[in-house]
Structures are given as C-alpha cells and as structure tokens.
4 protein chains.
Amino acid sequence: MAMSGSSASGRAGRPISPDTTAAILAAARSLVVVHGFAAVTTAMIAAEAGASKQALYRRWTTKADLVLEAFLAQAQAEVDDPAAAEAGDDRLLAFLRRTCAALSTSGPALRSLMAAAQEDDAFRRRFHERLILPRRAALRAVLAEERPAASTEALDLAVTALFGAIWYRLLLDEPLDDDLARRLTALVRAGM
Amino acid sequence: MAMSGSSASGRAGRPISPDTTAAILAAARSLVVVHGFAAVTTAMIAAEAGASKQALYRRWTTKADLVLEAFLAQAQAEVDDPAAAEAGDDRLLAFLRRTCAALSTSGPALRSLMAAAQEDDAFRRRFHERLILPRRAALRAVLAEERPAASTEALDLAVTALFGAIWYRLLLDEPLDDDLARRLTALVRAGM
Amino acid sequence: MAMSGSSASGRAGRPISPDTTAAILAAARSLVVVHGFAAVTTAMIAAEAGASKQALYRRWTTKADLVLEAFLAQAQAEVDDPAAAEAGDDRLLAFLRRTCAALSTSGPALRSLMAAAQEDDAFRRRFHERLILPRRAALRAVLAEERPAASTEALDLAVTALFGAIWYRLLLDEPLDDDLARRLTALVRAGM
Amino acid sequence: MAMSGSSASGRAGRPISPDTTAAILAAARSLVVVHGFAAVTTAMIAAEAGASKQALYRRWTTKADLVLEAFLAQAQAEVDDPAAAEAGDDRLLAFLRRTCAALSTSGPALRSLMAAAQEDDAFRRRFHERLILPRRAALRAVLAEERPAASTEALDLAVTALFGAIWYRLLLDEPLDDDLARRLTALVRAGM
DNA sequence: GGATAATCGAGACGGTACGTCTAGTCTTGTC
DNA sequence: GACAAGACTAGACGTACCGTCTCGATTATCC
C-alpha cells in the first residue's frame, strides 16, 4: 500500500459534507414532489435539509441545477431496471412502459426542469448533458440491439420520434399510458 | 333616425382602443423576439407600447397570455400558406418544412410559452386550445388527405410523433432542418 | 385665480401614500424602541407597517435613513417644548435637562444612528444635516440669548463642549442626569 | 535545541504562536486603515496575515475586539509621548494636540470601534475599559498636575467636556485642529 | 348639454423569491 | 493542541418583477 497520508481529495480545509449534500437532495426531492417546482423555494429546501442557503449555492449554481440532480438518480434507476433484461421479452416496449410509469411520479418535476431549460442557457446545457443524453443513449441501446443493421441516422430518428412523442404528451398534460407505448413501438418498428 | 351613436357594444364609458391593443401586441412581439420571454417585463412592454400596465391586464390575464396572442397570428400565417395548396406537391413534407422554417423566428417565443404552460394550469389550457390544437388539426388534415382510409387513432399517433419530434428538438435547441422534415415524413409514412 | 388646470403635484401616476409613509415610520419607531436598531430588520418594519419592503426602499435609501426620520420629529418636539419659554427661568439649564430627559427614550436609537453614520458617508451627511445641525442651532439660540455679546466662535465652542459631553456619556452608556446638566452649565458659563 | 516540554505555561499541546498574533494584528491594522472597518472582513484579515480565521477567534471574541487591540498600542504611544514631559510646557495643551494629531491616522478606526460599541454590550465594556478609561486617566493626570486643588468631580467634568468635544467632532467628521485644542483648553481652564 | 361610466398613461402598492454576503463555529489533515 | 484551509449555520440585505390599485385626465354613451 502506497499513498502515505493524504486521502484522495488532496485539497486542504474541511471537505464538502456528503451528508449535507444528501440531505439537501432528499429535501429538494420530497418538497418538489409534494408542492411542485415553482412553489418550492431555496429557503424551504435549506430549512427542510437543516442546511443553510449557502450550502446549496456552494454546490449548485441555481435552484434548477439542484433539482435536476435531485431527480437524476431516481429517473435513471426507475427505468434502467436490472430485472428488465429478461430474455425473450419485448425490450423496447418494456423500456417505454417503464419510462411512462416513472413519469407518473417524477414527471411534474421533469416538466418544470424542461421549462427552466427554456430560459437559462447554462442550465439547458447541463440538462441536456446530464438527463437528456443519458436517456437517449439508453433507448438507443435498446433499439440497436433490436436492429443491429440500422444506421446511426435511423436510430437517432427513432429515438427522437419516441422521446419526442412522450415529452410532447407529458408537457401538454396528456396521458402517458401503456397503449401509447404500444402504438409508438409499432409505429417506429414499421418505419425503420 | 334615433340611435345617435351606439355601436354594437352598448356599454357606456370609453371603449377599449384597438390602437392600444395593436401597439401592445406589436411591442410584445418585438421585445420578446429581441430579448426573450423571461427578460421582457410587463413594464417594458407597456413602456414600448406607450401604454400602461393596466392596459395590458385589462385585455389579458397574464404576461404569458398576452405573448401567446402576440405570436398566434404570425405562427399560423407562416405555416398555412395559401400558396402551398398546389396540387401534385408533397403536401405533408411541405407542411413540416414550413413549420420548421417558421420556428426559426417564433421558436424562442414558443419555447417560452411552452415553459410558462408548465407552471400555470390556466395558461396551459389556453395554450393547448389556442395554439396546440389548431396546429394539430392542420397537420391532421394534411395527413387525412394523404391517407383517407387511416383510422382516427392512426392519424393522432402520427401527429403526436411528428409534432413531438419537432417540439423535442426545438425545446432542446437542436437544429430543425429540412433533412429532419424529410426523414420524419418517411418514418411516419412507413409506419402508418 | 390663474392656474389653468393641473393641480399642485403635477406628476402623473399614483401618488406616494402618506398613510403608508406614516405607518412605516410608526412601525420603525416602535420596533426600534422595543428591540433596538440592530435587531430590527427592514422586513420586520414592512410587516409591522403592513407594507412591502419596496415601499420602504422607495422612500429611503437605507434602514438608517428611515429610522433617522422616524425619530426626528419626536426628538425635536421633546426638547423644544413650547412651555419652556417661561420668563425668569434658567433657559440653558432647562434646555439641557430636557435634552437629557428625552434621551432616556430615544437615546438608544440615536446611538445606533450615530453608529450607522460612522460606516456610511451618505448617511452621515443626512444625519448631520437633519439632526445634528438643527439641535446645534437650537442650543446656540439659547446661549446667544444669554450672552448677546459672545462671539460666533465662543458660541460654537460652548455648543461643542455641551453636546460633546452629552453624546460622549450617551455613547459610553454613562448616566445623563440633572446633576450633569447643572455642572456642564456652570462650566460653560464660567468659561465663556 | 532540546527542551522537549515547554516553558512556564505548563499547558500541553502546541503553544499559541506570538508570530501569528503579531501578523494578525498588523494585518488588521493595515487593512482597516486602508479600507475602513466595515469593508474589512475577518476572512480578509486572516488571508492577509497568512493565518486561519480560527487563529483570530482563538485570540479574540469578535472582529471589533481584534481591531480594538490592533489600534490600542498605537493610540497610546502616539499620545503619551515620553518626550512630552518637558517642564515648562503647557502640558494640557500639548496632550490635546497630540491626541488630535494621533486621530488623523487612527481616527477612522476608533470611530468604527465606537460604532461597534453601540450595538454590542460586551464589546462596549471592553472598549470602555481598555481604551476609554486609560485615556481618561491620562488626561486626568495632566489636569490634576495643573490643578492640585481641584475636586474629583471637577476633574471628571473637565475630562468629559474635553474628550466629549473631541469625540463629537471626530464622529461627525469635523476638523480636529490645533485651534480647537487651544480653545478647549482655555474654556476648561476658565471653567474650573 | 350634463351626468355617468369606462378607458387612458403613470406609477405606487403588497407580496414574495432570488442570489449574495458576512460573522462566528466546526471539521479536516498536518505539524 | 495549534495550525491553514475552508465548509458549516443563520439570517439580513437589496433587487426584481408580477398583478393590482389609485390618481387625474379623457372619451364615449345615456338622458
């Protein structure tokens, strides 16, 4: 074992407390789920987390940035279910169904984040990079498995059509049910 | 002849001035195009129009409501081009192309309106009714002409996939070019 | 009478409400008397007055500026007692006694204002002009009546010694009793 | 050098470093002279001294307390000049002149400390004990030498009038020149 | 034409969130 | 246990802007 002293961080001073970070994220999550993004203030999050506002702004640049991270892990975990890799299943359909199901809880928060992304370029880039692109890659992988011969462009177009339709209905408060997932699957499969 | 003046209204008092209405709409349009929705305040719109804030709120319930109307006519006119009904054309493709083209100017404003719809239920309903549904009906008509035998559900699904993909790319600041229009057209045609 | 139209004010728009002004001043006065200057926040004053913080900042540039005005009228009235002009009295002694007596209530606030004047040049000038100079003029008048032959410099020096001593004891939390007033009177009279 | 244990103190652990203490005091002095008390933060002092904030608060209870000590020695030394004890001089006048002269550099800091004393009782007591009382005793000694027969009350009153006038002018940003010192001397001598 | 009523521009109003700032404390790892 | 570094809580600050209300003036209909 090398590395005499000096842990990973290397930086001097009191390190950022993971407990505080976790408490803030949990507070943000629960408050936004209950009251909605716009009704939750940074002061409320800080109070609920037993933290100061400064602790928030030391970690994230803006309220939207914080809430994005608060919902990231959750959003991913609910869709990329490990148990979903069962052979023989219709993996594409299952993916879309889980996506729609996950949106019943985190949907309102994601709508607000998409809204925030419209007025703040810096946040839009983070939102794109940390939420949109990973989700897109996950769906692409499912599609690529199903259609090994499909071109890059064809896969991208299918992803755009599928997520586009889902976001469109989410943002317009129209139902995201299993039927939609089934029909979208059929449409895209036929179109590829 | 009696009935000295008395136009249709019948109400006493000074009537709403159409000039003021037009000035407000024009001011809102130009300011939002230049600075973006969030950076424009109701006070700025009033000042630019030479009007008072009260004049705005006498006509519309919220800033979003006003900006919605400011962009409605423009949005429709640019897409539903009368000269577009030339026989023999690929009308679906032309419709999508004009839609994408129109979004290069009014796109930012529409993004902001979609954002506003996420935090305000009352506005979301107006937005749905006055912008989303008419556009949807227009696209549906084009599709129905092309596929007279298609079922209602099939048409709706195609509309959702097409507008969904376009909104998705618009909201994420990804390019809306002719190529996208062509590929989407192909995908949906194959999938119906 | 001339004056075609246009009443006195001339300015358009809703005028500043004297009621709101009065409510803010009263709230500031009572809160500062009870809790002390430092413990009172602008938000507390606004809430107590049933006003918004913006209403405060529209009228005064800073918390100290507001509290200064809140204590001005009171400070003057308590000292420049109309009944004090009784002939035959020792007017100088009476003036100093009333000054000391008035400081038992408004003293803490004035100490805080003097403190605020140390860190804010703009406020120091206002404090000087609106509180210090008027008080100085009042004391000077009393002295001038007693010593009609005294030179300007002699009067100014006496005023400085008298108010200097009183402020010095006030700021250091030392008692301001009748005895002090009597002794100061004697010292200055002998010294002129 | 050996000397395992420590010298006199007896306490275990690393002793407080006098170098750090001196560096902090010097940093506080120079920063406050340049930027003023309010504009200097504890973090700035620590950084300038190459110390940590904890090193400050290990030695003094508050920022004001630290700055008080930073200016104490200087303030005393400048006034209680050993060379001033020359016989035959007007010692009272010389004392007041040196006092006024010293305030041209340390005056702003002392004003801020007097201000801090208004909002913090604990500090006001320290300020009184460590700065005000010693100065008062020094002036009293000069007066007592001049007037051996004067009563305690008379001496105290003269001190109050002299320092009162000086502080009054200092706090109100009015000039503290030799002329003032001369006139005050005359006033008090005549009044005793 | 005189009374009534609603509009007009201007701008103050209450309410409320934001992000910043600082004081003084606590927690690291090092010496 | 002091040290430098820096995260921590607590909470005030001043700004911003929404949608409403008030003011005096104007412009219409109704009688």
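Here is how names work: the chains are called A, B, and so on, in the same order as the sequence lines, proteins then strands, and each is numbered from 1. Not measured: the values here are computed from a predicted model.
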In whole Å, I'd like the distance from the [atom1] atom of [X] to the [atom2] atom of [N].
X: B/Ile45; N: E/dG9; atom1: CD1; atom2: P; value: 14 Å
X: D/Arg58; N: F/dA5; atom1: CZ; atom2: P; value: 13 Å
X: A/Trp60; N: F/dA7; atom1: CH2; atom2: C1'; value: 14 Å
X: A/Phe123; N: E/dG19; atom1: CZ; atom2: P; value: 12 Å
X: A/Ile24; N: F/dA10; atom1: CD1; atom2: P; value: 12 Å
X: C/Met44; N: F/dG14; atom1: CE; atom2: C1'; value: 18 Å
X: D/Leu56; N: F/dG6; atom1: CG; atom2: C1'; value: 14 Å
X: A/Asp120; N: E/dG19; atom1: CG; atom2: C1'; value: 13 Å

>> Would you say that C/Leu131 contacts C/Leu113 through its side chain, given a criterion of any heavy-atom pair below 4.5 Å between the two side chains?
In response: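 C/Leu131 does not reach C/Leu113 side chain to side chain.
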
>> Could you check whether any side-chain heavy atom of D/Arg59 comes within less than 4.5 Å of a side-chain heavy atom of D/Glu69, counting everything from C-beta outward?
In response: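 No, side chains not in contact.
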
>> Which is more 5' along DNA chain F, the nucleotide nearest B/Thr61 or the one nearest C/Thr42? Just name the residue.
In response: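 Looking at DNA chain F, the more 5' nearest nucleotide goes with C/Thr42.
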
> With nearest nucleotides of DNA chain F determined for B/Thr62 and C/Gln54 from heavy-atom distances, which residue corresponds to the more 5′ nucleotide?
Replying inline: C/Gln54

Do the side-chain N or O atoms of [X] get closer than 4.0 angstrom to the phosphate oxygens (OP1, OP2) of [N]?
X: C/Lys63; N: F/dC13; answer: yes
X: B/Arg14; N: F/dT29; answer: no
X: C/Arg59; N: E/dC13; answer: yes
X: B/Tyr57; N: F/dT20; answer: no

> DNA chain E: B/Ala55 or D/Phe37, which has the more 5' nearest nucleotide?
Replying inline: B/Ala55

> Mapping A/Gly13 and C/Ser52 to their closest nucleotides on DNA chain E, which lands nearer the 5' end?
Replying inline: C/Ser52

>> Nearest 0.5 angstrom please: B/Thr42 OG1 to B/Leu31 CG, how far?
In response: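 It comes to 11.5 Å.
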
> Do you know the tightest heavy-atom contact between D/Ala116 and D/Ala64?
Replying inline: CB-CB, 3.9 Å

> Should D/Phe71 and D/Val33 be marked as a side chain to side chain contact (heavy atoms under 4.5 Å, CB included) after you check the CA-CA gap, both sets of side-chain angles, and the distance that decides it?
Replying inline: CA-CA 10 Å; D/Phe71 280 87; D/Val33 164; 3.9 Å; yes

> Side-chain donor or acceptor of C/Lys53 under 3.5 Å from a matching atom on the base of F/dG14?
Replying inline: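 Check passes, donor-acceptor contact within cut-off.
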
>> Just to be sure I understand the rule, does D/Ala46 reach a base, reach only the sugar-phosphate, or reach nothing, if contact means heavy atoms closer than 4.0 Å?
In response: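 Result for D/Ala46 = nothing.
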
